[in-house]
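From a predicted model like this one, the values you see are computed outputs, not experimental measurements.
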Amino acid sequence: MARLKIYTDENVDVRIADGLRKRGIRAFSADHHFLEIAKELNNEGKDHWGVIFVEMNKLSVGECIRRLALYADILSAEEMKNQIEFL
């Protein structure tokens, strides 16, 4: 079973990807609007590898790291396929 990888877009504090990497989770900071991309792919009937949407003004950096790490611990990449989750 493939482990979950987490990509954050430009709206997410880079400390979150750093904190996840410190926990041994493959996390990357990128420059895309993943929610919009997932919606477009879904509308076109194409697959995507899932999106976890975080509203940065509602959670602390530490809480984001904890919650995303939990997702990475309990879900595989296959289980996140075509899913959109909101923290």
Under 3.5 Å, side chain of E40 to main-chain N/O of I37, donor-acceptor pair present?
no
Grab the two heavy atoms, one from A72 and one from I6, that are nearest each other, plus how far apart they are.
CB-CD1, 4.4 Å
Any side-chain heavy-atom pair from E85 and L68 closer than 4.5 angstrom?
no
I16 and side-chain contact (heavy atoms from CB on, under 4.5 Å): which single residue from D18, L20, V14 fits?
L20
Linking I/L/V/M/F/W/Y whenever their side-chain heavy atoms sit closer than 4.5 Å, directly or via other members, would Y7 and F86 fall into one cluster?
yes
Minimal heavy-atom distance between A17 and A27, with the atoms involved, is O-CB, 3.7 Å
Looking at C64 and L87, what are the two nearest heavy atoms and their distance?
O-CD1, 4.5 Å
D31 versus D9: any side-chain heavy-atom pair under 4.5 Å?
no
Check whether more than 12 heavy atoms from other residues, nucleotides or ligands sit under 6.0 Å from atom CZ of R26, and answer yes or no.
no
Could you pull out the closest heavy-atom pair between S60 and R66, with the gap in Å?
OG-NH2, 4.5 Å
Spacing of CD1 belonging to I65 relative to CG belonging to D13, to within rounding of 0.5 Å:
8.5 Å
Decide yes or no for V12 and M56: does some side-chain heavy atom of the first lie under 4.5 Å from some side-chain heavy atom of the second?
yes
Identify whether F53 and I74 are in the same connected component of the hydrophobic contact network (ILVMFWY, side-chain heavy atoms under 4.5 Å).
no
Less than 4.0 angstrom from a charged side-chain N to a carboxylate O is my criterion; do E36 and K39 meet it?
no
On a heavy-atom basis, which atom in L4 and which in L75 lie closest, and how many Å separate them?
CB-O, 3.7 Å
Side chain of N82, backbone of H48: donor and acceptor closer than 3.5 Å?
yes
CG of L35 to CG of N11: how many Å apart, nearest 0.5 Å?
10.5 Å
Does M80 reach the side chain of V51, with side-chain heavy atoms less than 4.5 Å apart?
no
Side chain to side chain, T8 and F28, heavy atoms closer than 4.5 Å
no
Same cluster or not: F34 versus W49, using hydrophobic residues (I, L, V, M, F, W, Y) connected whenever any side-chain heavy atoms lie under 4.5 Å apart?
no
